[in-house]
K.L.:
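The structure follows.
The basis for the numbers below is simple: all heavy atoms, side chains too, and nothing from hydrogens, waters or symmetry mates.
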Amino acid sequence: MEGGTAINYEIRYMLILLAAIVNQNPVQKLRRAVSWETILKLSDFHNITNIIYLGSMGVEKEISEDCKLQFYQGYKRELLLRESYHKAEEVILWQLEQHRIDALLLTSAEAAELYDKPEMAYTEQIEFLVGKKHLPQIHRFMRDMDYEQQEDRLVKGTVYVRVPGIRIVFYETVPIENNIVKRYFSGPVRKYRRVADHKFIYTLSREEEYLYRVGRLVESYATGMLKIREVLDFWQFQRLLAETFCRDVPAEYVAKAGWEEFIRQIGVLATLWFEEGARQEYGLALELEEYIIVRGKNNKQLDKALLPNERARLDFYWRDREGEWAARKREWLFPPKNYMFQFFPILGKYPFLLVFCWLVRDFRFMKTMCVNRCRKIWLAVRVRLLDAKERFRERLKKDEEKGTEDTIQNINDKET
């Protein structure tokens, strides 16, 4: 594997192992000693521990017993989680059917279809698109199934988690910020293809799934959380399922959204990582590789080249805002003029408007925070109203049953 970026030997060897297992090739022997502890941490972050474990079995003599045990535990955890996700999905689909809630299954526990060996697949979460009015009902039955609501600043939906690590997300709108693609997915859930043997569960077509996967890749890139697993899953999807659908429609929307170069470079990078003997121009792909490996390092030139239409939005994602808020609160609220000029070019001609631009920028952030807070409060209120309504119904039912029993008893007393 060639490449000019300053990426250490552990990462290179991890990618070599990954490509060998995915392509069912013999594992390449080590040229020199590597830190398997580092590879373990990297593979865990990039959600590929189960595949790297399979690859490490061919060179297990080089690994310490402790590290070998941790790899096995990670592999076993993924196997158990895969089974848990399948069961959780079945139960949630049943609940949605019982409550007559129209729901679009955006991502499911069936990721195993992308791999020759199901144990190489990874399920990060199960995602549903539902109507806003159904969120209180969903919250009630998720709570009754021992799911806990979790805060996640990077997720625009409602997140529920449960032991042993199951993560379910319900969205009101498709979690893709580009307006062109968002409009493509807008409209009622019922417009999608209904899942067999279900009345209220819908699924994406292959064309829609392709566009959705592209959109999620863009969102992961924008938030600095694009991982090797996502690139691998997308490469597998294209490689195995490209012939099963027409790509003209999603390609049209990708072009309108300005994502063509981004997808092309993702493909070049996947070729570099997972295919043998391929030779291409790797310039931008190598910068993208470094961006992924160093976890979202700021690269404005790369942003401009890959996603020219998303540059303004990229800045408004909160990349590591907790540390910035604690250490540089004032600078964050009132950035210097040369920084603000990137988003308010009018400052070049009228620099005295800096204070006004500060207010506009901060208002956008505060508005987003307030809207999210109000949504959570309103959801809690609606859930409590539903609980009260349910208790009232149960009480009425008991009163009716008691009244019926009293009537029967009175009749029996008269007959006696």
K.L.:
Strictly by modelled atom types, are R206 and Y210 linked by a side-chain donor-acceptor pair under 3.5 Å?
P.N.:
no

K.L.:
Counting only heavy atoms not in K191, do more than 12 fall under 6.0 Å of its NZ?
P.N.:
yes

K.L.:
So do the side chains of H86 and E89 get within less than 4.5 Å of each other, counting heavy atoms only?
P.N.:
no

K.L.:
Consider only side-chain N and O atoms of Y291 and D303, and report whether a donor and an acceptor are under 3.5 Å apart.
P.N.:
no

K.L.:
Should the pair F274 and W235 be assigned to parallel (<30°), tilted (30 to 60°) or perpendicular (>60°) ring geometry?
P.N.:
tilted

K.L.:
Under 3.5 Å, is there a donor-acceptor pair between the R140 and Q137 side chains?
P.N.:
no

K.L.:
How close do E230 and R216 get, heavy atom to heavy atom, and via which atoms?
P.N.:
OE1-O, 4.3 Å

K.L.:
If I take atom CG from residue L269 and atom CZ from residue R264, how far apart are they, to the nearest 0.5 angstrom?
P.N.:
12.5 Å

K.L.:
Kindly compute the distance separating CZ (F170) from CD (E127), expressed to the nearest 0.5 Å.
P.N.:
11.0 Å

K.L.:
If the test is side chain to side chain donor-acceptor pair (under 3.5 Å), which one of E148, H139, R143 qualifies with Y160?
P.N.:
H139

K.L.:
Start with the C-alpha gap between R194 and D102, add the side-chain angles, then the distance that decides, and say whether salt bridge (charged side-chain N to carboxylate O under 4.0 Å, His left out) holds.
P.N.:
CA-CA 10 Å; R194 185 182 284 112; D102 290 318; over 6 Å; no

K.L.:
Does D144 have more than 12 heavy atoms from other residues, nucleotides or ligands lying within 6.0 Å of its CG?
P.N.:
yes

K.L.:
Partners of K256 by salt bridge (Lys or Arg N to Asp or Glu O under 4.0 Å), sequence neighbours excluded?
P.N.:
E252

K.L.:
Taking S220 as the fixed residue, which of I292, V231, L226 is the one that meets the side-chain contact (heavy atoms from CB on, under 4.5 Å) rule?
P.N.:
L226

K.L.:
Is R162 close enough and on-axis enough to Y147, meaning under 6.0 Å and within 45°, for cation-pi?
P.N.:
yes

K.L.:
Does L81 form a side chain to side chain contact (heavy atoms under 4.5 Å, CB included) with E124? I'd like the steps, not just the answer.
P.N.:
CA-CA 10 Å; L81 262 180; E124 181 177 12; over 6 Å; no

K.L.:
Heavy atoms only: give me the nearest P136-K133 pair and the separation to one decimal.
P.N.:
CD-O, 3.5 Å

K.L.:
Do E10 and S35 have side-chain atoms, one donor and one acceptor, less than 3.5 Å apart?
P.N.:
no

K.L.:
Side chains of Q70 and Y53: do they bring a donor and an acceptor to under 3.5 Å?
P.N.:
no

K.L.:
I need the minimum non-hydrogen distance between L114 and F237, along with the two atoms involved.
P.N.:
CD2-CA, 3.9 Å

K.L.:
Cation-pi check, K227 to F45: give yes when NZ or CZ is under 6.0 Å from the six-membered ring centre and within 45° of the ring axis, no otherwise.
P.N.:
yes

K.L.:
Okay, side chain of T49, backbone of Y75: is any donor-acceptor separation there less than 3.5 Å?
P.N.:
no

